Amino acid sequence: MPRRKPQQRRPQRRKDVLHGPGGERGDAFRCTNCRLDVPLTAPGTAHRNHCPHCLTSLHVDGRIPGDRRETCRGRMAAVGVTARRDGEWLLIHHCLACGKLSVNRIAGDDNALTLLRLAMRPLAAGPPFSAQLAL
Amino acid sequence: MSNDIPSSVLRTTTFQCVRCGLTVTAFAPDGRRRNHCPRCLYSQHVRDQVEGGPSECRSGMSPIAIAVLRTGDWELIHNCTRCGELTSNPICGDDNQFILMRMAVRPLAQPPFPLETFGDL
């Protein structure tokens, strides 16, 4: 199925983010949840911030993505999926330590089954009202 | 913002929705304080999530997604249209169910990968 993207978007700027274990530059990071070694180069995005297998992220950025100003360092679990107007999916992460929320675009190598399970979660849990009444 | 039972004066206070202009009672029928309009589900950015105090932004916050708690309850995720701040709040009993359902199925309407392969799993 072709991706429905008629207009060409501006390519993402590459960021020099400190990904190493001690805050130095590195070319990979380890997932805090499933311990997978994740390379920084990802298809479809220049700003990878979550594990492609379990979609878990780490709370290290403050207000600006990539600034590394946050001292929380809690694990961020993916809680939801939203779509941009052009159909691009965004992941919503929720910090398990302090409750901060953040969004990030999905990458091309993110686990499709995990993504779909996340997107189906509101419908699988069942809406807290009668869906037939709503439609 | 207190969670205990409001007094009769507080119970009748209202606010006006920043987007659709609907006058909404500040407390939902179940006694909790509302933070979004039940008709268009828009909220207003009045509280800073990072520092915890009041925020000076005060612009509208559009509902972007639904997150599900472990208990199965739906949470509404709002995104500030001006500064991009995110908040999450539980949904109310009288929220617009049509918009809630539309938000829940919107990612599935535009999947980034073909969904046909999942039928074989």
Side-chain angles (χ1 to χ4, degrees), chain A residues 1-5 44 59 61-65 69-70 72 77-95 98-103 105-113 115-135, chain B residues 30 38 47-52 55 57 61-81 83-121:
Chain A
M1 186 167 67
R3 295 196 66 170
R4 283 156 288 191
K5 279 194 186 168
H59 192 193
D61 288 341
R63 283 193 192 268
I64 308 161
R69 307 264 318 250
E70 185 58 56
C72 171
V79 291
V81 172
T82 178
R84 273 191 192 152
R85 204 166 283 263
D86 58 356
E88 195 148 49
W89 277 25
L90 304 170
L91 266 180
I92 297 175
H93 284 106
H94 179 240
C95 179
C98 69
K100 175 92 202 302
L101 293 159
S102 77
V103 287
R105 289 175 62 221
I106 62 167
D109 57 351
D110 281 351
N111 192 338
L113 189 60
L115 280 174
L116 195 64
R117 280 182 63 186
L118 203 61
M120 285 299 287
R121 216 193 263 173
L123 302 172
F129 45 83
S130 164
Q132 267 132 15
L133 228 120
L135 303 177
Chain B
D30 56 358
R47 188 174 162 274
D48 192 299
Q49 230 213 342
V50 174
E51 273 133 35
S55 169
C57 180
M61 298 185 88
S62 62
I64 55 164
I66 285 169
V68 182
L69 300 179
R70 267 173 205 281
T71 54
D73 294 333
W74 282 18
E75 290 254 323
L76 200 56
I77 298 195
H78 284 104
N79 181 22
C80 181
T81 48
C83 65
E85 179 92 347
L86 294 160
T87 58
S88 79
N89 281 284
I91 62 166
C92 256
D94 57 350
D95 280 349
N96 192 337
Q97 298 169 348
F98 185 72
I99 300 183
L100 284 177
M101 270 320 264
R102 198 179 65 186
M103 259 194 306
V105 299
R106 201 175 59 172
L108 297 170
Q110 298 167 313
F113 34 78
L115 295 180
E116 287 82 22
T117 51
F118 290 96
D120 307 333
L121 294 178

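Note that this is a predicted model, so its numbers are computed, not measured. First the proteins, then the strands, lettered A, B, ... as listed; each starts at 1.
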Plane angle bin for B:Phe113 and A:Trp89 - parallel if under 30°, tilted between 30 and 60°, otherwise perpendicular: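 Plane angle over 60°, so perpendicular.
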Contact class of A:Ile106 relative to chain B, heavy atoms under 4.5 angstrom: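 Just the side chain, heavy atoms under 4.5 Å.
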Chain B contact via A:Ala125 - side chain, backbone, both or neither, heavy atoms under 4.5 Å: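 Only the side chain of A:Ala125 comes within 4.5 Å of chain B.
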Residue among B:Pro107, B:Ala65, B:Cys83 with most heavy-atom pairs under 4.5 Å to chain A: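 The residue among B:Pro107, B:Ala65, B:Cys83 with the greatest pair count is B:Pro107.
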Minimum heavy-atom distance between [X] and [Y], given as atom pair plus value:
{"X": "A:Ala78", "Y": "A:Leu91", "answer": "CB-CD2, 4.1 Å"}
{"X": "B:Ala104", "Y": "A:Leu123", "answer": "CB-CD2, 4.1 Å"}
{"X": "A:Arg85", "Y": "B:Gln110", "answer": "O-NE2, 4.0 Å"}

[X] versus chain A, the contacting section by heavy-atom distance below 4.5 Å:
{"X": "B:Ile66", "value": "both"}
{"X": "B:Ile91", "value": "side chain"}
{"X": "B:Leu100", "value": "side chain"}

Gap between atom CG of B:Asp95 and atom CH2 of B:Trp74 - 0.5 Å precision: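 These two atoms lie 11.0 Å from each other.
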